[in-house]
Number of protein chains: 2
Amino acid sequence: MPLPKLKEIEGSAELEQMIEKAREASDMLKALSHESRLLLLCILAESEKSVTELEQFLGERQSTVSQQLARLRLDRLVTTRRDGKTIYYSLANEDVRKILTAVYDVFCEPVRRRRR
Amino acid sequence: MPLPKLKEIEGSAELEQMIEKAREASDMLKALSHESRLLLLCILAESEKSVTELEQFLGERQSTVSQQLARLRLDRLVTTRRDGKTIYYSLANEDVRKILTAVYDVFCEPVRRRRR
DNA sequence: AGCACATATACGAATTTAATGATATAAAGC
DNA sequence: GCTTTATATCATTAAATTCGTATATGTGCT
């Protein structure tokens, strides 16, 4: 009979918390882990943009982009600001930027380095 | 008729590359963005572990854990080493560790800070 | 060879996610 | 108040992911 040693040693309180954090993190990562949404965030990392601008960048339908933005809003990765008819999106906080920077470092920096 | 300005200004070459990188990154993030898989990686970030150890940590069935590990292998987030009957898993490279560290900083560091 | 243990794979069912087209709301200008 | 522009939401369908169970493979031991 194999003993569930590690499980017990860890102590349920600590493990519980670890699991809780993992769920929070995976929720955020799920929002990030979509080609278009990741592109949206990269563009927004530069500066705030209107929905129309984002549509043009991605070359996707308005309703599709709007839906993806809604998802990012729900998961609190972006915030909005209204100016007349147009709505401007931007990154919601520094946490998002941190993760995004790490992703950028891993996947995009090598490209730059190669170019120098 | 609205003009697709930004799309053209960006230049297809650069944009193409950005899209390519976004797809690579989102593929990796998809693998990460799963509660159990993220936990697995966090545990592996500490040190290599056998499948049995991982099962005990997560309290999940062998086949489930093995399936998640297979996914992580496919997406090249982990590597394996066999020693007799047991197979040891560990993080595949520094890129994975970088992303994982960023996620950890955002979601787990605050907890530690609060405790001090 | 035969058995037991550790791990991997296959496959269908259930769930989740994404894209599309159509419609709705909100602000601005006439 | 009507029209245009910008954005959001909804319903439907298509596709991908996850989960559970069953089965297979590989390794060491006797």
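First the proteins, then the strands, lettered A, B, ... as listed; each starts at 1.
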For [X], answer base if it contacts any base atom (sugar-phosphate contacts may also be present), sugar-phosphate if it contacts only those atoms, and nothing otherwise; contact means non-hydrogen atoms under 4.0 Å.
{"X": "B/E35", "answer": "nothing"}
{"X": "A/T86", "answer": "sugar-phosphate"}
{"X": "A/Y89", "answer": "sugar-phosphate"}

Less than 4.0 angstrom between a side-chain N/O of [X] and OP1 or OP2 of [N], yes or no?
{"X": "B/T52", "N": "C/dT7", "result": "yes"}
{"X": "A/H34", "N": "C/dA18", "result": "yes"}
{"X": "B/R73", "N": "C/dT9", "result": "yes"}
{"X": "B/R82", "N": "C/dA6", "result": "no"}

* Quick one: how far along DNA chain D does chain B reach, first to last nucleotide 5' to 3', anything under 4.0 Å to a heavy atom? ->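 Listed 5' to 3', the contact boundaries are D/dT18 to D/dG28.
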[X] [atom1] to [N] [atom2], straight-line distance once rounded to whole Å:
{"X": "A/L32", "N": "C/dA18", "atom1": "CG", "atom2": "C1'", "value": "17 Å"}
{"X": "B/R71", "N": "C/dT9", "atom1": "CZ", "atom2": "P", "value": "15 Å"}
{"X": "A/L72", "N": "C/dT17", "atom1": "CG", "atom2": "P", "value": "14 Å"}
{"X": "A/Q68", "N": "C/dT16", "atom1": "CD", "atom2": "P", "value": "20 Å"}
{"X": "B/E48", "N": "C/dT7", "atom1": "CD", "atom2": "P", "value": "12 Å"}
{"X": "A/I87", "N": "C/dA27", "atom1": "CD1", "atom2": "P", "value": "9 Å"}
{"X": "B/Y88", "N": "C/dA6", "atom1": "OH", "atom2": "P", "value": "11 Å"}

* Asked: DNA chain D: A/L69 or A/K30, which has the more 5' nearest nucleotide?
  -> A/L69
Which protein N or O atoms sit under 3.5 Å from an N or O of nucleotides 10-14 of chain C?
unit_1, atom_1, unit_2, atom_2, d
C/dA10, N6, B/Q67, NE2, 2.7

* Structure fact -> 5'-most contact on DNA chain C (nearest-nucleotide basis), A/K85 vs A/T64, goes to A/T64
* Can any side-chain N or O of A/T101 pair as donor or acceptor with the backbone N or O of A/R97 at less than 3.5 Å? ->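 Yes; judged by distance alone, with no hydrogens or angles, the pair exists.
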* Asked: Is there a donor-acceptor pair closer than 3.5 Å between any side-chain N or O of A/E46 and the backbone N or O of A/I43?
  ->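 Not a single qualifying donor-acceptor pair exists.
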* Hey, does the side-chain of A/E60 have a donor or acceptor N/O within less than 3.5 Å of a partner on the base of C/dA19? -> no
* If every non-hydrogen atom of B/R76 is compared with every non-hydrogen atom of B/N93, which pair is closest and at what distance? ->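 That would be O-ND2, 3.9 Å.
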* Cluster check A/F57, A/Y88: I/L/V/M/F/W/Y, side chain < 4.5 angstrom -> no
* Do the side chains of B/D105 and A/I99 get nearer than 4.5 Å, heavy atoms only? -> no
* Compare all side-chain heavy atoms of A/H34 with those of A/Q68 and state whether any distance is below 4.5 angstrom. => yes
* By side chain to side chain contact (heavy atoms under 4.5 Å, CB included) - contacts of B/A22 (at least two apart) -> A/E35, A/L39
